[in-house]
Every structure is written in structure tokens, then in C-alpha cells.
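Here the structure is laid out as C-alpha cells; the discussion comes afterwards.
If you read the sequence from its start, that first residue is 1, and numbering goes on from there.
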Amino acid sequence: MFVLDNRTLLVVTALISIGSAIALLVLWHAQSKRNGAGYWASGMSCIAIASVLISTRGVLSDYLSLVTANSFYVLGFVLILRGVRVFTGKDPLLLIDYALTPVVAACFYYFSHVDQNLSIRVEILSASFVLTCGFIVFSLLQDKDAPWRTSSFAPVIVFSLFGLFHGMRGVITFIQPSDSPFMSPGLLTTFVFLSGIFIIGAIAISLTLLSYGVLESKLRIVSLAVEQSASSIIITDNKGLIDYVNPASSEKTGYHLDEIKGKNPRIFQSGETSVHEYSDLWKSISEGNTWRGEFHNRKKNGELYWEIASIAPVKQKNGQISHYVAVKEDITDLKEAKRRIDHLANHDGLTDLPNRKLAMERLVAALTAARCDQKQVAVMFVDLDGFKAVNDSHGHDAGDQLLKETAQRLKGCVRDIDTVSRIGGDEFLIILNNVVDKKAVIDVTERLIHSIASNHVIGKSEVTISASIGISLYPSDSEKPTELVNLADDAMYVVKRDGKNNYAFI
């Protein structure tokens, strides 16, 4: 091996360290959260300063070129260790962080200015490197399940070699002390500096690869999570044009990424959501807010479906919005279940007619409309005559069938704007809206009586029932919905007493 100029090698080491510090500083700036790269950049800067100071040996004082320089070397590796602890999520080693550098500086000063001993200085420096490299390797290998463990093998090898090299150097110096000046030309000194150049470069590269390896691992996990998510996920650019849809979205809508990439999500619109609602949505997310709501969208095959969505802006470090992410869940079945529950809560389970609750709500609405239009409303209380006998002689199933058929006959005698409801047993309530006069009510009532009195076929038998109907009118009889119903009920009982199968006004 040729003997090279040591000052030149130190300058090269300083330049590599400076370049490494700049690269690590850029890496640190690009990260969204702490990952230790800032400490690594600071450590490389300290190594660069140390190399420059040592290269001035004989020009500057020994205090600067020896004590300060070697203290900066140790400080550089302490900072790298601190960065590794931050990266791995471990607590800092306070004794190493705050005590090692001052102790090394004090020892170097003593064995340089009080009791000059080159061998001890070499052993102290080597021991410091072995200690810091050992803790770095231990920190990287401690967590066996870490996502970055595979990426850590490169820096583990580099720091292990560096620590091993300096450990051997310290042992050799202990066995065979030397008083030769540190900067004197020689194969050993040249080998030390050349090895340092390669090791410093390897450290910077391995730390950078470690960071990017972790980033790649996280991105891979996120990518797989998005790809395999059961929720529909759509990503658009900041103009709202589709960049990505996951498989769940494609399966739900029938649209594959190559069909809709670069298109506006309005391709999913069913036309049932107002333009104003979409305008509010876009205003919210473009201002950096997360929007949550429901869409009634359309699949590629034309089928409509409901989904609940959360749309959030993706902001870069400068606060600018680069993309929007929509996470959506299909709630069609939930909507249908809710509709069914609401229907059951307001309708009779047997005849599917409105129940008393819904009938009273419609009566209130009918009276309000009639008051505005100066119209009349008729309230009919219908009770079936002879139903109990059919129920007792033919059974409850026959009775249920008779009630369902009666419900259909009642509905067939009135208009779509009118209401036929079952309010209990064999009792029905009918609301006639926009009544012109009393004669119109009589016409409807006579149709009802005739329709119900016609023979009913139950299984293989024919049965006959009739109806007693009491009628009250708004506003002549009352303006209160409950009172109108009670008056019609009273009129119906009058019909019952007088022979049934007839009607009576209050």
C-alpha cells in the first residue's frame, strides 16, 4: 500500500462528511415526523469539523487540533447514536449523551498537556467508538418484530465493522504502545484514514437507506391496506379528478381504474343530489376541512345505491392541498332496513294500511291544507258487522284474509289523495280530502257499503259482512282532529244501534 498524505485524506474525509450531512439534512427536512435524521446530519457535521481541525495539526494549537477535534469525533458518533435511538423509538441514553464527550475531552486534555501519552489517547478514542457503535448495533437489533429490521442490516454491518476495527486498534495499541506522532506518515496511519473515509461514506449511505427502507415499508403497508380494504377508497388530485380507486370501489361501482382515471367523480352521481349540496361539499374540502355525508349514487349498470362517505384533503408540509381521499361504505341495506322500520312503525302489519299514528298525522295535515284552501274534510269511522262470527267459525287465518281483502276494497272506493287506515281489530278510519259537498261524501260512503257487503270468498266458502260508518265533517262539526274522530265514532255506534249496514252523519 502506498503511503498517502494524511492531510489530504483528512480533507477528503471532511468533504465526504459534509456531503453526507447535507444529504441527511435534506432527508430530515423531507420527513413529516421525527426519525433521527436531524441528529445524523449533526453527527456528520461534527465529524467534518473534527477532520478539518485534525488536518490543521502543526498549524493550530494542540488544544484545537487534538483535544477539540477528537472530542468532535466522539460527539459526532454520540449524536448518531441519539438519532438511532429516536429512529427506533427508544429512550435516549442520557449517560452516553451527556457524559461521554466531556469525559473524553477531559482525558484527551490530560494526556496531551499534563501527561503526554499517545497510546492512551488512541485507546480512549477507540473505546469511545466501540461503545457508541455497540449501542447503535444493539438499538437496531433489539426489536425483532420492527418493520425496519431488514433495512437495518446494512448499518448494523457498517457500525459493527467500524467498532471492530477501532476495538482491534485499541488492543494493538495496548499490547504494543507507540509514541510516534499521530500525523507522521506511515502505512498504519494511512490505513486508518482510508478506512475512516470508506466507513464514514458507508455510514451515511446505510443511514439514508435505512430511512428510505422504513419509508418504503410503511408505504407498502399503507398500499396493501388500501388495496385490501373492504371500504371503497377513491383518491383524486387537487382539481377533483380521479387518480386511484381501490378494488373494493371497482367491485361496488363496476368501474375499473383505467375506465375512470382522470375523470370527475360526478360519473357516479344519480342525479338525486342537488347541485347546491355538491357545491357545499367542494367548498368545505377545498378550504382544508373534512366533509362527511351521504350519497345516493349510481353504479355502471344503472343500479342505485346509498353510501356514507368521509372526504378529507391531503396536505403537504407547506400546507398546500395535493389530493383528496374519499373513504366510503355502502349503506344501502341499512337504508332499506331503516325505511322498513319506519314503515312498520307507521303501518298496520297485516293490511299494510296506515295505522292510527300515521292516520292522525295525515288528518292534521289535511285540516291544515283545508283551512288554507277553504275546503272540507270528511272523517269516516268504519266498523265491520259480522266479522267476529267469521273469525270464530272459520278461524283467525280466515279472519286475517278477510281483513286484507276488506282493506283493498276500501282503498278501491276512494282517491289516491285520501287515506284509508286500520286503527284496530275490525275498525278502519277513512279521511277524505278536499271535499266539495255533503253529497260527494254520501256517494263515497254508499260505494264503501256496497263494496264491503259483496260476498267474500274465504278458502272454499263464501261469507258476507257489512259495515257501519259514522261520518264527521270539518269544519262544520269540529276543527279539532281528535274530536272529529270521536264524533265519527259516536255516529258509527248510532248506526250499530239502528240495525247496522248503513251510515250516519253526526
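- Every pair passing salt bridge (charged side-chain N to carboxylate O under 4.0 Å, His left out) that includes a residue from residues 89-105 is listed here, sequence neighbours excluded: R82-D97.
- Using a 4.5 Å heavy-atom cutoff, the side chains of P313 and T290 are in contact.
- Remark: T236 OG1 to K261 NZ distance equals 11.0 Å, nearest 0.5 Å.
- Relative ring orientation between F87 and W40 is described as tilted, the plane-to-plane angle lying within the 30° to 60° band.
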Please step through side-chain hydrogen bond (donor to acceptor under 3.5 Å, both in side chains) for the pair D400 and H396, ending with a clear verdict. CA-CA 6 Å; D400 289 345; H396 291 291; over 6 Å; no

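- The number of heavy atoms from other shown groups lying within 6.0 Å of CZ (F153) is above 12.
- With 3.5 Å as the limit, one finds a donor-acceptor pair spanning the side chains of S51 and Y73.
- In this structure, the side chains of D330 and S232 stay at 4.5 Å or more apart for every pair of heavy atoms.
- Put simply, the side chain of D348 never gets that close to the backbone of R422: no donor and acceptor are under 3.5 Å apart.
- Atom CG of residue L353 and atom NZ of residue K404 lie 12.0 Å apart, to the nearest 0.5 angstrom.
- Annotation: Y109, atom OH; neighbour count of heavy atoms from other residues, nucleotides and ligands within 6.0 Å does not exceed 12.
- Remark: K299 NZ is packed, more than 12 non-hydrogen atoms of other residues, nucleotides or ligands lying under 6.0 Å away.
- For the pair E307 and K252, the salt-bridge criterion is not met [side-chain N within less than 4.0 Å of a carboxylate O].
- Of the inter-residue distances, the one linking N346 atom CG with R356 atom CZ reads 14.0 Å to the nearest 0.5 angstrom.
- Surrounding OH of Y98 are at most 12 heavy atoms belonging to other residues, nucleotides or ligands under 6.0 Å away.
- Side-chain contact between I308 and F295 is absent, with no heavy-atom pair separated by less than 4.5 Å.
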Which is it for E287 and K283 under the salt bridge (Lys or Arg N to Asp or Glu O under 4.0 Å) test, yes or no, and what are the steps along the way? CA-CA 6 Å; E287 290 177 352; K283 182 176 183 295; 3.0 Å; yes

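- Classification of K357 and E361 as a salt-bridged pair holds, one side-chain N sitting under 4.0 Å from a carboxylate O.
- Between the side chain of D342 and the backbone N or O of A345, no donor-acceptor pair lies under 3.5 Å.
- Separating the CD atom in E123 from the CG atom in L118 is a distance of 9.5 Å, to the nearest 0.5 Å.
- Residue N238 holds its CG atom at 10.5 Å from CD1 of I285, rounded to the nearest 0.5 Å.
- With hydrogens and angles left out, the side-chain atoms of Y110 and Q116 include no donor and acceptor closer than 3.5 Å.
- Ring centroid separation for the pair Y324 and W291 does not come in under the 6.0 Å cut-off.
- Here E259 pairs with K300 in a salt bridge; the nearest charged N to carboxylate O distance falls below 4.0 Å.
- Judged as a salt bridge (charged side-chain N to carboxylate O under 4.0 Å, His left out), and not counting sequence neighbours, K263 has no contacts.
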Could you walk me through whether Y255 and F268 pass the ring pair (Phe, Tyr, Trp, His ring centres under 6.0 Å) check? CA-CA 9 Å; Y255 289 103; F268 304 118; 5.7 Å; yes

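- No donor-acceptor pair closer than 3.5 Å links the side chain of S249 to the backbone N or O of N246.
- Checked by atom type and distance alone, the side chain of S126 pairs as donor or acceptor with a backbone atom of H166 at under 3.5 Å.
- Of the residues F135, F159, F77, F165, the one that meets the ring pair (Phe, Tyr, Trp, His ring centres under 6.0 Å) test with F129 is F77.
- To the nearest 0.5 Å, atoms CD1 (I267) and CG (N297) are separated by 11.0 Å.
- Scanning for salt bridge (charged side-chain N to carboxylate O under 4.0 Å, His left out) contacts around D416 gives an empty result, with sequence neighbours left out.
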